[in-house]
There are 2 protein chains.
Amino acid sequence: MATTPLTLDALVATSRALLVEGGPDAIVVREVARRLGVTAPALYRYVRGRDDLLTLLITACTDEATAACLDALAACRPDDVEGRIRAATLAFRAWALQHRPEFGLVYGTPLMHYAAPEGGPTVDAGQRFGGLFGSLFVEALAAGRLRTVDDGVLSPGVRASLAATAARLDLPMRPGEVRPFIVGWHRMLGIVSVEVAGHLRWVFGEDASAFAEEQIEELLADLLVPGAT
Amino acid sequence: MATTPLTLDALVATSRALLVEGGPDAIVVREVARRLGVTAPALYRYVRGRDDLLTLLITACTDEATAACLDALAACRPDDVEGRIRAATLAFRAWALQHRPEFGLVYGTPLMHYAAPEGGPTVDAGQRFGGLFGSLFVEALAAGRLRTVDDGVLSPGVRASLAATAARLDLPMRPGEVRPFIVGWHRMLGIVSVEVAGHLRWVFGEDASAFAEEQIEELLADLLVPGAT
DNA sequence: CAGGTCGGGTGAACACTGTTCACACAGAGT
DNA sequence: ACTCTGTGTGAACAGTGTTCACCCGACCTG
């Protein structure tokens, strides 16, 4: 019945459509197959099972978010580090708001039933995304715009973790220089998560944009020293 | 078979045990019934369906978190506002870490299949929790410890939302005085959400306590002016 | 051209899920 | 003794993920 041969891309695309329409629970093997004009067992030729489908989907979405940030960066003046970090952050937030179900799948409460394969494609994609932001902070450091911290003031555990992270991502930074990166990542993820999950609805109704954008500006001000411009 | 008559509390307790063991998907009507020594249809005498069970569970967990914060407050000097806010925040974080599945259910990615009943018990419980923190910020304001902001600098939309929120929670505060409360709520939820979801694992491994606690201290410093002590 | 191999697809089946239905059984009230 | 009500049951329905034996058509080989 299938006119075109099945592809992994087609599987992911249909799964994603279902995710958008009805959340993770709506990703139903039989329905994916039906929309592809095929019966359920056929999919098991391409995918080990439903979890495999989710892994593929999470990876694709993570990469799409990364790409959205890269697009935003491409439109920036290369020498304006603050502008670049702002653009990437806002692009990430915009992508999250426009793709709430996908964001929830990637950065929301982990699906307890689903366990990401150790060292699998999802963690790779996550590291690509982290690396993108990491490189922005390297730029900021080089430009002397980063509010760094002395390694000495860090607790030993935190210092070790930060050093290991820098090594893993190949960032030429001291722990005290990595810290603003992690703080930025942490707070950005928090701001976007809470907004996307709608936990501010009781205060701001459906549109918390103004407040969220203020919070992002506040975060940038905490991370970067004012520019010469 | 049931020796004791079924109670709503027993239903909630069993559901919660299943949640802890295997996540939201593990809350299975038949299994709840089985553990209560009864068959599934019997539960429908007490509950309209699975969603009803979730509503009850979410409400119970929200109230438990509120109670945990209240307990922490009871052990504080009544005149030390900063200490009280810190204690409540740390108590919330501690509860979240010790009850990750429950926290995920209440403050995580909303289950798309489940829709909280409008104006139902879950939103009431949420408002009770919000009110608790709101009252702490009223204390801080009275003690002159709150970093407030002029109403004039707020964008009209934000100002209106903050005013409406103050009115709804019966907080005698101007919008510029409510703002730190909402900022605190927002950032606290972000910090705890990201930590509980494990999205910092790639940096800090299983124990991100030191970093998270630093973030909370930083948040408090942003919200409050230093005390006279 | 005959024959075998193999990727890709099918229908049936299994063990689950939430939910509904007709039914049964105990105790209280009249 | 009769009904009524609260409580629980077994069977059933329409779904779910997954596995199994089977099958068919295209391709390569002798």
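We use all heavy atoms of the structure for the numbers below, so side chains are in, but hydrogens, waters and symmetry mates are not.
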In this structure, how many angstroms lie between the P atom of D:dG15 and the CG atom of A:D25, rounded?
16 Å
Establish, yes or no, whether a centroid distance under 6.0 Å links the rings of A:F133 and A:F137.
no
Can you label the angle between the A:Y107 ring and the A:W185 ring as parallel, tilted or perpendicular, going by 30° and 60°?
perpendicular
Quick one: CD1 on B:I58 to CG on B:L53, what's the gap to the nearest 0.5 Å?
10.5 Å
For B:H199 and A:G108, indicate whether the former's side chain and the latter's backbone hold a donor-acceptor pair under 3.5 Å.
yes
Quick one: which of A:R93, A:Q215, A:R201, A:R100 gives a side chain to side chain donor-acceptor pair (under 3.5 Å) with A:E195?
A:R93
Can you give one letter per nucleotide of nucleotides 15-24 of chain C, 5' to 3': B if a protein heavy atom sits under 4.0 Å from the base, S if only from the sugar-phosphate, - if neither?
--BBBBB---
Is there a side-chain polar atom (N or O) of A:T39 under 4.0 Å from OP1 or OP2 of C:dT10?
yes
In whole angstrom, what separates B:L43's CG from D:dG6's P?
18 Å
Who passes salt bridge (Lys or Arg N to Asp or Glu O under 4.0 Å) against B:E31, sequence neighbours left out?
B:R34, B:R35
Using whole Å, report how far CG of B:L36 lies from C1' of D:dT7.
14 Å
Spacing between B:Y46 atom OH and D:dT5 atom C1', to the nearest angstrom
13 Å
